[in-house]
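Worksheet: one structure, shown below.
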Amino acid sequence: MKEIVILGAGYAGLRALHVLQKSGADIHITLIDRNSYHYESTSLHEVAAGTQKDEKICYDIKDVVDTKKTTFIQGNVEKIDSDKKEVYVDQKTLSYDYLIVALGFQSESFGIPGVKENSLEMVDVKTADQVHRHIIEQMKQYKETKNEEYLRIVVCGAGFTGIELVGALVEGSKAFADIAGVKPEDIQIYCVEAVDKILPMFSDRLGQYCLKYLDKWDVKLLTGKPIKKVEPGAVVYQNSKDNENDLVALNAKTIIWTTGVSGSHVIGDSGFEERRGRVMVKPNLTDPKHDDVYLLGDVSAVMDPSSNRPYPTTAQIALKMGSYAGKDILNQMKGKPSEPFSFKSLGSVASIGNTHAFGVVGKTEVTAYPASFIKKAIMDRSLFETGGIKEVMSKGRFDLYH
Ligand code: NAD
């Protein structure tokens, strides 16, 4: 019997688990995750803004574990020794025949001073929840002090995550305002972005659609302003392109860092050849030096032949990688050659709050209500692919008519 170890119960890990468990092959699987629950990382911004409860985006890993085939261990993966075929988890050693590494992402500070100490990250349920609790506390402080900095929230970076977070914060501002004893429009939401154009993956038309709403909601979007450091209670950005000394401090009691992510530090700690925690994998998603180690999702870099750049890391590609790796291991066990992994994006949709969204589905651009409807359908589908119908029925998004 072959031993397959899966590290991480995110989109890729659980999708691979699903394929392997239903295969009927002579295998035992060990699934390891630091949490006892799976969470939908694409919805963290809603928890941070308080527009969604954390339990709504999580489900128990045990719900999807078939105990006849799989052992689930809750623990912290420290290191992988891919030459010895061993994984170290909380000082215990596990051996494998095949390993699936799907350990997800962490926040990337790019070495900018003060980021770790003076800003909040939003990388898992705990940190998203901390962001929300922090904002609530600042609203209470405003009520006591009347210092406007407590009403000011700065989102650093206007990428996919930053923009979705801004949209959710706008939606959450009514609740924040009630606590602070002010009007929702008194909550000041800033977004500071290094480059001039936001969301370059979308067309100008979609970019304009997003900007129109940010403007309507009075979000202060500062583009072309690279952040140079974060001080206690202030984001310091470069104000003019050609003058490095022209620095401006934007004071705020809530600073949230969303300028990009890297793959789990376990990848670097384990000696894989990597860049920002991502390994340039072979066409069958294995490590170039180890045929029995699959790297999926945020720890994996797969070239997109159409752009000659790695595919962006999304839940959609992570799910596809999970399915693929599960099937490829079964093929390897039968001595069958691997078909190369291929990926055709179904498109991507960004939400700005619960009722507005924009994006591309297939080749069609969508905005407004249809986009918001599709976004929820996409979320329900990914929930189905890892958790099955049971999780969709209890955690799915069915507020489709608004
Ligand atoms: P990102 O890299 O997409 O965006 C980060 C933004 O921060 C960029 O616009 C960048 O210019 C800006 N930035 C970087 N350094 C800065 C600085 N010093 N000062 C100011 N701005 C700075 O990162 P993300 O938004 O965290 O997303 C990570 C990945 O996850 C991406 O591949 C994204 O497409 C994906 N994602 C997908 C979805 C989805 O499909 N629904 C949702 C969220 C994220």
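Order of appearance sets the numbers: ligands from 1, and atoms from 1 within every ligand. Nothing here was measured: the structure is a model prediction, and the numbers come from that model.
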* Asked: Does the gap between the ring centers of Tyr11 and His38 come in under 6.0 Å?
  -> yes
Are any of the N/O atoms on [X], whether in the backbone or the side chain, positioned under 3.5 angstrom from an N/O atom of ligand 1?
X: Met201; value: no
X: Gly162; value: no
X: Val261; value: no

What's the shortest distance from [atom] to any protein heavy atom, and which residue and atom give it?
atom: atom 21 (N) of ligand 1; value: Ala194 N, 3.0 Å
atom: atom 11 (O) of ligand 1; value: Glu193 OE2, 2.5 Å
atom: atom 42 (C) of ligand 1; value: Phe160 CD2, 3.4 Å
atom: atom 15 (N) of ligand 1; value: Thr259 CB, 3.7 Å

* Which atoms of ligand 1 are found less than 4.0 Å from any heavy atom of Thr161? -> 24 (P), 25 (O), 26 (O), 27 (O), 43 (C), 44 (C)
* Can a non-hydrogen atom of Met122 be found less than 4.0 Å from any atom of ligand 1? -> no
* Consider ligand 1: state whether an atom of it lies below 4.0 angstrom from any non-hydrogen atom of Cys156. => no
* **Check: Ser203/Glu365 side-chain N/O donor and acceptor closer than 3.5 Å** => yes
* To do: With heavy atoms under 4.0 Å as the rule, classify the contact between Thr313 and ligand 1 as side chain, backbone, both or neither.
  => both
